[in-house]
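Step one of this worksheet: look at the structure below.
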There are 2 protein chains.
Amino acid sequence: MQALHLWRLAVLAGVRRETPDLSARQMAVLLNVYLTPPPHTVRGLATLLNVSKPAITRALDRLSELELVRRKADESDRRNVLIQRTIKGSVFLRDWGGIVSGVAQDIAA
Amino acid sequence: MQALHLWRLAVLAGVRRETPDLSARQMAVLLNVYLTPPPHTVRGLATLLNVSKPAITRALDRLSELELVRRKADESDRRNVLIQRTIKGSVFLRDWGGIVSGVAQDIAA
DNA sequence: CGTAAAAATTACGTAACCGAAACGACATGG
DNA sequence: CCATGTCGTTTCGGTTACGTAATTTTTACG
């Protein structure tokens, strides 16, 4: 029950702020790139999220445009594209984590 | 930091399940209708979420179609539309709360 | 070699969504 | 009553995202 209140306040904060408005899929991609060990490929993310590859490609287009992630060719197998982290992405997620944990504190108190 | 891992797992669970795929705004509307005291109006939700009224109308179209909320005319002022809860909505949010708190438990352990 | 397989992307038609503005129903104060 | 304001919805033009299917580039293997 408190979990729902946590979710409410955090989602509310996310919707309200003007800053980049990411879809659930884009957010899932971003979080997985930053919080799970590399390498990250399109195919891997597609199967992990249970969505099609083009959906991942489009999410990466958007995230790259925002400079939250970066694409890099895999030199050992040039068919692959490796997704890498960026400074902006790190900052964005740190901020977001701060919001969520701040909300959690408020609820606990 | 754990907050981000919590968020990652919960978003991942949300994206993976085939069932109704709600946008952040729709989710925000749904959560506020269920977790804050009534009455809930379009204008009230619009200002709370800091989005336009049509955006709320469309979110309610979608949520009504899924039978997660219900619109009801305000008899005392027929310009108003009151948003009410439904059984399906309660079940949906209870399930979601279960997922989030389950993830939280896993992280704590 | 050369054919098959795999990776990501692009193409394409469809559906959902957005904000601004126009609209219709209703309320309220003069 | 009627003029003005309020509330929710609809309309409009444009953007974005989706899934399926075709394309491109690269690798693997027979």
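All heavy atoms count here, side chains included; hydrogens, waters and symmetry mates do not. Protein chains get the first letters and strands the later ones, always in sequence-line order, with residue 1 at the start of each.
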Compile the donor-acceptor pairs under 3.5 Å between side chains in residues 97-109 of chain A and protein atoms, sequence neighbours left out, one pair per line.
| unit_1 | atom_1 | unit_2 | atom_2 | d |
| --- | --- | --- | --- | --- |
| A:Ser101 | OG | A:Gly97 | O | 3.1 |
| A:Ser101 | OG | A:Gly98 | O | 3.4 |

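- The aromatic rings of A:Trp96 and B:Trp7 stand perpendicular to each other, their planes meeting at an angle above 60°, with 30° marking the opposite boundary.
- Residues of residues 52-61 of chain A having a heavy atom closer than 4.0 Å to DNA chain C, listed by number: A:Lys53, A:Pro54, A:Thr57.
- The side-chain heavy atoms of B:Arg25 and B:Ile56, taken from C-beta on, include no pair separated by under 4.5 Å.
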Q. Could you write nucleotides 24-30 of chain D as a row of B, S and -, 5' to 3', where a protein heavy atom under 4.0 Å of any base atom gives B, of only sugar-phosphate atoms gives S, and otherwise -?
A. --BS---

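- The structure places CZ of B:Arg8 at 6.5 Å from CG of B:Leu12, a figure rounded to the nearest 0.5 Å.
- Counting only heavy atoms from C-beta outward, the side chains of A:Leu48 and A:Thr36 never approach each other to under 4.5 Å.
- Scored by the side-chain contact (heavy atoms from CB on, under 4.5 Å) test, B:Arg70 finds B:Gln84, B:Thr86 as partners (sequence neighbours excluded).
- In this structure, B:Asn80 places its CG atom 19 Å from P of D:dG5, rounding to the nearest Å.
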Q: Take B:Thr41 and B:Asp74 through the test side-chain contact (heavy atoms from CB on, under 4.5 Å) and record every step on the way to the result.
A: CA-CA 10 Å; B:Thr41 64; B:Asp74 180 350; over 6 Å; no

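- For the atom pair B:Met27 CE and B:Phe92 CZ, the distance stands at 5.0 Å (nearest 0.5 Å).
- Here the side chains of B:Leu63 and B:Arg71 are not in contact, with every heavy-atom distance at 4.5 Å or above.
- Atom NE2 in A:His40 sits 11.0 Å away from atom CG in A:Leu60 (nearest 0.5 Å).
- Nucleotides of DNA chain C that come within less than 4.0 Å of any heavy atom of chain A span, from the 5' end to the 3' end, C:dA6 to C:dT10.
- Scanning residues 23-39 of chain A for heavy-atom distances under 4.0 Å to DNA chain D yields A:Arg25, A:Gln26.
- At distances below 3.5 Å, not a single donor-acceptor pair connects side-chain atoms of A:Arg78 with backbone N or O atoms of A:Ala73.
- Summarising the geometry, atom CG belonging to B:Asn80 is positioned 11.5 Å from atom CD belonging to B:Glu75; distances are rounded to the nearest 0.5 Å.
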